[in-house]
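To keep things clear, I will list the structure first and then write my remarks on it.
Just so we're clear, the structure is a prediction, and the values are computed from it rather than from any experiment. Chain naming here is simple, since letters A, B, ... match the order of the sequence lines and numbering starts at 1 in each. Note that these values count all heavy atoms, side chains included, but never hydrogens, waters or copies made by symmetry.
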Amino acid sequence: MTTATKRARPIPAIESSDEDDELPLINRRVSKKPRVSLSSASASNSTSAQTKSRLKQRSSSDRVLADARRQRRQNGTTTVVRPNPAAAKGRRAKKEEAKLEPIPVEEKKPKREGQSSSSDQGKDNGGYRWWDEGEGERNSGIKWTTLLHNAVIFPPEYEPHGIPLLYNGKAVELSAESEEIATFYAAKLATDYVQKPTFQRNFFDDFRHSLRSTSAHRIIKKLELCDFSRIHAHLEKKKQEKKDIPAAEKKKLREEEAVRCKKYTVALVDGREEKVGNFRVEPPGLFLGRGEHPKMGKVKSRIYPEDITINVGHDAEIPPCPLEGHKWGKIIHKRDVTWLCFWKDTITGGSKYVWLAAGSAFKGMSDHAKFEKARRLSQYIEQIRRDYRQGWKAKGKEPKQRATAMYLIDKLALRVGNEKGEDEADTVGCCSLRVEHIKFVPPRTIELDFLGKDSIRYFNSVQVEKEVYENLKLFCRNKKPGEDIFHRLTVTGLNDYLKSLMDGLSAKVFRTYNASVTLDNLISNTPARSDLLEKIVFYNQQNKEVAILCNHQRALPKAHGSQMEKMDKKVVDTQQWLTELKRGRNKINKSKGSIDSVDLIQWMPEKPVFTEDMDDKERAAERKRAAAAPRVKTARVKKLPQIETAIKSVSERLAKLKADMQVKEDMKTVALGTSKINYLDPRITVAWCKKREVPIERIFAKTLLVKFAWAMETSEDFRF
DNA sequence: AACAAGACTTGGAAAAATTTTC
DNA sequence: GAAAATTTTTCCAAGTCTTGTT
């Protein structure tokens, strides 16, 4: 309802450019998915300062590399072999494969597994520092020379439980296959999927199909008459039993499972050990798409070895098939790809791949290349922006639409928006925007409202350049709501054009570029005298700005409301006590020395009362009762010095409480993770951490430290 | 050139692990 | 010392973009 647009910006710390629109419009209001009925109109208008762009004074990547090399190599890998990059490639593969016996992968010696365990702590790639080597052949089409792995592990076969499905109140005998499907449904009973007609219909079609040659087929005709509650109860019971296993035993079970999986967790790539990412075949179940997916509820069937294609080295041993009586579908030796296995998804027909983990050299190199490409865009961006501004006035429809779309992609960080099929959720991106997704608010504000990736709502009311406004209006003229705004523009056409502006450029690079450049600019303004915690909060706030730019949202946490209430109560209590303390101070001060202490009243939450015979549930209930009970009056006698100290500490506590509450409210529907993992060049963060003396572990969790190992030696003056 | 298949990145939710609070 | 809250990891769906195929 309100209009979030550009707002006044602070005086930039560094020289500003004359162009007022260098940065993307990050001050968007956050809106939520039109999730069920949860009213959400109150989406908060988060605002924050935005800096003007600054002149780039980048350190060349060469310098960073040199810098990195100078650093002490603290990595615990064996000898510090610094291979000559040119010679290394070909030789390394063979030599090391001979040396490094493929213990975890080789079937013949399963007893000696523990052997390599010390090398796989933390790192996903056995300490291979690819970033210390030259660019060399990194980008060539061939991805590996030798490849050895154990393929995948399968979920356990279905074990029938014999708990009946009731139909019209009577138990129905089901085949194991049908029972499994019924059980998939029972497992979802507590979700709102089961309320959705599409989900019900798809499930029931598949369920009925599974019954076709059994007697139950004549009985079970309507979903409404199926009662899954007994199966549901059975599942709940199992869940509880699992939960109730003593901690020690749980730990043991976990360890046993780890031993069983061990050999699947690593692959040997050119003789180097690398962690495998997703070595588990997805278990069967009901397909849960996002948003209004037409296929939700369909049975995603079990994948068998026959469905799987294995990609291994020519001379490598073919991984043994873990399922008795089965064999792999296909064995291939495709060296221009990085996947180890793949199969066809039974629902979408798309391919599912087994990849190496995020910390592997394959993934790291392409991540690095992605950010380098985005950095390269900063050398072209001014030119490109001039170009599309020019394009707004183009005579031809396609160039005009293209230039207008480029503005949206650049300024609003929209995704490009490929075509989607009838059998997918109806979501859009820039090129697939339809007339129904835009509203025009004179003089030049557009309101975009559509479902984007994952059916997350994009809602943004933003002032745009006059030409853009007029163009968009023009493109919508005489079109029905369901028609494409950019009807002459295709994604391929757009990307082909981008290639002509910069080698390797495509629409998604703008998102990476804008996210990273925004963070870089924002955190360069870190308040000088902040303590560690303040710096971290500050960083997270800037991270939040990026998340808002990219429209990274999450569902409102279930307990948000109650947690806020709880905090609010605390604020009220603390406030009351502070007021009382101040009253006491006044009284003493006014008395001019005639009294030196006062009676003060503090209202405290009631303390819960536990008795020996209470179980966990009763204790929890008692705790709740006490928290909700009226506050208890407590009398305290205080002298002036005591009061002064208390006022100070209580004020601080109150301020912190209020600040925490604000942060919680501001963050309730933003997801920081996605940008941190995918969009923000880790070198920006590493450099900032070094400069501001923030331990990197406070920003990157363990997996991110591994994923971004290549960025850890970035010098503190790195700029994106 | 249009379309489909293939390969890889990006995405939020749920589960699991860890930390904080009481 | 357990429950609650928060953070991290896992899961798998859903995008982007390139590469075949017709």
Side-chain angles (χ1 to χ4, degrees), chain A residues 33 141 143 191 239 243 247 250 254 277-278 280-283 285 287-291 293 295-296 300 309 311 334 336-339 342 344-345 347-353 355-358 362-363 366-367 370 415-421 424-425 427-432 452-456 490-496 498-499 504-509 511-512 515 547 550-555 557-560 562-563 566-567 570 605 607-608 610 616-617 619-620 623-624 626-627 660 664 667 669-679 698 700-707:
Chain A
K33 244 193 244 199
K143 303 293 173 66
T191 71
K239 218 189 272 173
K243 227 174 110 187
K250 262 189 204 157
R254 252 203 321 273
N278 53 329
R280 281 171 213 280
V281 170
E282 292 171 14
F287 175 79
L288 307 178
R290 307 192 181 228
H293 196 118
K295 293 192 169 178
M296 67 169 90
K300 186 169 91 166
T309 298
N311 191 24
K334 200 164 156 40
D336 61 342
V337 296
T338 65
W339 53 265
F342 103 143
K344 279 265 151 69
D345 183 71
I347 300 285
T348 62
S351 316
K352 297 271 181 152
Y353 297 88
W355 312 103
L356 294 183
F362 283 163
K363 296 289 188 194
S366 77
D367 230 23
K370 170 182 77 183
R415 296 185 189 86
V416 71
N418 277 292
E419 294 298 320
K420 294 193 73 184
E424 296 173 277
T427 63
V428 299
C430 186
C431 295
S432 45
K453 183 177 182 182
D454 292 302
S455 294
I456 295 291
T490 65
V491 171
T492 312
L494 174 56
N495 277 336
D496 284 351
L498 292 177
K499 294 271 171 316
L505 187 61
S506 66
K508 79 194 268 283
V509 183
R511 261 169 91 81
T512 313
C550 296
N551 201 37
H552 292 145
Q553 299 189 46
R554 59 175 183 155
K558 241 189 11 235
H560 181 80
S562 62
Q563 286 174 357
K566 213 167 145 181
M567 289 173 95
K570 248 194 217 170
K607 285 250 176 331
F610 299 125
D616 289 357
K617 270 195 190 135
R619 278 163 199 268
R623 212 169 268 128
K624 235 186 205 149
D660 286 353
K664 200 189 188 85
M667 299 286 199
T669 57
V670 252
L672 301 190
T674 305
S675 51
K676 210 185 249 188
I677 295 167
N678 300 297
Y679 287 103
R698 302 301 297 268
F700 288 154
K702 202 161 65 208
T703 44
L704 279 190
L705 288 174
V706 174
K707 172 177 162 120

With [X], which residues qualify under ring pair (Phe, Tyr, Trp, His ring centres under 6.0 Å), at least two apart?
| X | result |
| --- | --- |
| A:Phe700 | A:Phe708 |
| A:Phe362 | none |
| A:Trp339 | A:Phe342, A:Tyr353 |

(request) Could you check if a side-chain atom of A:Val281 sits within less than 4.5 angstrom of a side-chain atom of A:Lys352, using non-hydrogen atoms only? (result) no

(request) Find out whether A:Thr338 and A:Leu356 are in side-chain contact, i.e. whether some heavy atom of one side chain is under 4.5 Å from a heavy atom of the other. (result) no

(message) Please check: side-chain N/O of A:Lys250 versus main-chain N/O of A:Lys243, any donor-acceptor pairing under 3.5 Å?
(response) yes

Rounded to the nearest angstrom, tell me the gap between atom [atom1] in [X] and atom [atom2] in [N].
| X | N | atom1 | atom2 | result |
| --- | --- | --- | --- | --- |
| A:Asn551 | B:dT10 | CG | P | 16 Å |
| A:Lys363 | B:dC8 | NZ | P | 7 Å |
| A:His552 | B:dG12 | NE2 | P | 5 Å |
| A:Lys370 | C:dC17 | NZ | C1' | 14 Å |
| A:Ile456 | B:dT10 | CD1 | P | 17 Å |
| A:Asn678 | C:dT16 | CG | P | 14 Å |
| A:Lys243 | C:dA3 | NZ | P | 9 Å |

(request) Take A:Thr674 and A:Thr338, find for each the nucleotide of DNA chain B with the closest heavy atom, and name the residue whose nucleotide sits nearer the 5' end. (result) A:Thr338

(message) Closer than 4.0 angstrom, basic N to acidic O: yes or no for A:Asp367 and A:Lys370?
(response) yes

(request) Take nucleotides 5-15 of chain C nucleotide by nucleotide from the 5' end and write B, S or -, depending on whether a protein heavy atom sits under 4.0 Å from the base, only from the sugar-phosphate, or from neither. (result) SS-SS-SSSBS

(message) Tell me every residue that passes side-chain hydrogen bond (donor to acceptor under 3.5 Å, both in side chains) with A:Lys344, counting only those two or more places apart in sequence or in another chain.
(response) none

(request) Give a yes/no answer on whether the side chain of A:Ser506 brings an N or O atom under 4.0 Å of OP1 or OP2 in C:dC17. (result) yes

(request) Using only side-chain N and O atoms of A:Thr492, determine if any of them is under 4.0 Å from OP1 or OP2 of B:dA2. (result) no

(request) Compare the minimum distances between each of B:dG12, B:dC8, B:dG11 and the side chain of A:Tyr679, then state the nucleotide with the smallest one. (result) B:dG11

Can you tabulate the close N/O pairs, meaning under 3.5 Å, that link protein atoms to atoms of nucleotides 3-6 of chain B?
{"from": "B:dG6", "atom 1": "OP2", "to": "A:Lys344", "atom 2": "NZ", "distance (Å)": "2.9"}

(message) When you compare the side chains of A:Thr348 and A:Lys295, does any donor N or O come within less than 3.5 Å of an acceptor on the partner?
(response) no

(message) Counting the atoms with a prime plus P, OP1 and OP2 as sugar-phosphate, which does A:Lys499 contact under 4.0 Å by heavy atoms, base, sugar-phosphate, or nothing?
(response) sugar-phosphate

